[in-house]
Amino acid sequence: MSDLKPKPGSFTAYLEYARRDRGTTEATPASPLTLIEILSALDPPSLPMAELQARSAMDPARYREALKSLREAGYVEIAGPPLDEAVLLTGKGAEAARLARPA
């Protein structure tokens with residue numbers, strides 16, 4: 001039975017191609033590291049909260065969780081008045097971004 005192969009133009013060949021093609025176009029979900037990478041590329045390394053979320057393309061719930069974990073770990077700080085807050089990368093966050101970059 002190992003000699004059974006799909007014929008060119010068959011639906012099976014199309015499905016295999018579509019599966020391979022779909023796998024290459026799926027984006028990697030954004031993570032807390034994504035936020036650190038975005039901030040580390042800026043000078044100064046800070047952005048308003050809404051702009052950082054937009055650049056990360058994270059859904060709001062995932063963004064809040066990522067921001068919370070980074071803040072608790074000391075990688076970012078949140079500064080400014082309510083509704084006008086900015087996310088600032090700390091020295092510890094800059095070091096994490098540097099270590100996360102490929103060599």
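Because only heavy atoms are used, hydrogens play no part in the values below, and waters and symmetry mates are left out as well, while side chains stay in. Just so you know, these numbers come straight off a predicted model, no measurement behind them.
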Chemist: Any idea which heavy atoms bring Ser31 and Arg62 closest together, and the distance?
Modeler: CA-NH2, 4.1 Å
Chemist: Could you note down all residue pairs passing salt bridge (charged side-chain N to carboxylate O under 4.0 Å, His left out) where residues 35-56 supplies at least one of them, sequence neighbours left out?
Modeler: Glu51-Arg55
Chemist: Using a cut-off of 6.0 Å, state whether more than 12 heavy atoms not belonging to Leu83 lie near its atom CG.
Modeler: no
Chemist: Backbone N or O of Met49 within a donor-acceptor pair of the Tyr63 side chain at under 3.5 Å?
Modeler: yes
Chemist: Pick out which of Leu39, Leu70, Leu47 makes a side-chain contact (heavy atoms from CB on, under 4.5 Å) with Val87.
Modeler: Leu39
Chemist: Could you give the distance from CG (Leu42) to CD1 (Ile38), rounded to the nearest 0.5 Å?
Modeler: 8.5 Å
Chemist: Over all heavy atoms of both residues, which pair between Gln53 and Met58 is shortest? Give the atoms and the distance, please.
Modeler: NE2-O, 3.5 Å
Chemist: Can you tell me how far apart OG (Ser56) and CG (Leu67) are? Round to the nearest 0.5 Å.
Modeler: 9.5 Å
Chemist: Go through the structure and list residues passing side chain to side chain contact (heavy atoms under 4.5 Å, CB included) with Pro81, not counting sequence neighbours.
Modeler: Asp84
Chemist: Going by the side chain to side chain donor-acceptor pair (under 3.5 Å) test, which pairs reach into residues 64-74, not counting sequence neighbours?
Modeler: none
Chemist: Tabulate below the donor-acceptor pairs under 3.5 Å that side-chain atoms of residues 88-98 make, not counting sequence neighbours, or state none.
Modeler:
from	atom 1	to	atom 2	distance (Å)
Thr90	OG1	Gly74	O	2.6
Thr90	OG1	Tyr75	O	3.0
Thr90	OG1	Lys92	N	3.4
Thr90	OG1	Gly93	N	3.1
Lys92	NZ	Ala73	O	2.7
Glu95	OE1	Arg98	NE	3.4
Glu95	OE2	Arg98	NH2	2.6

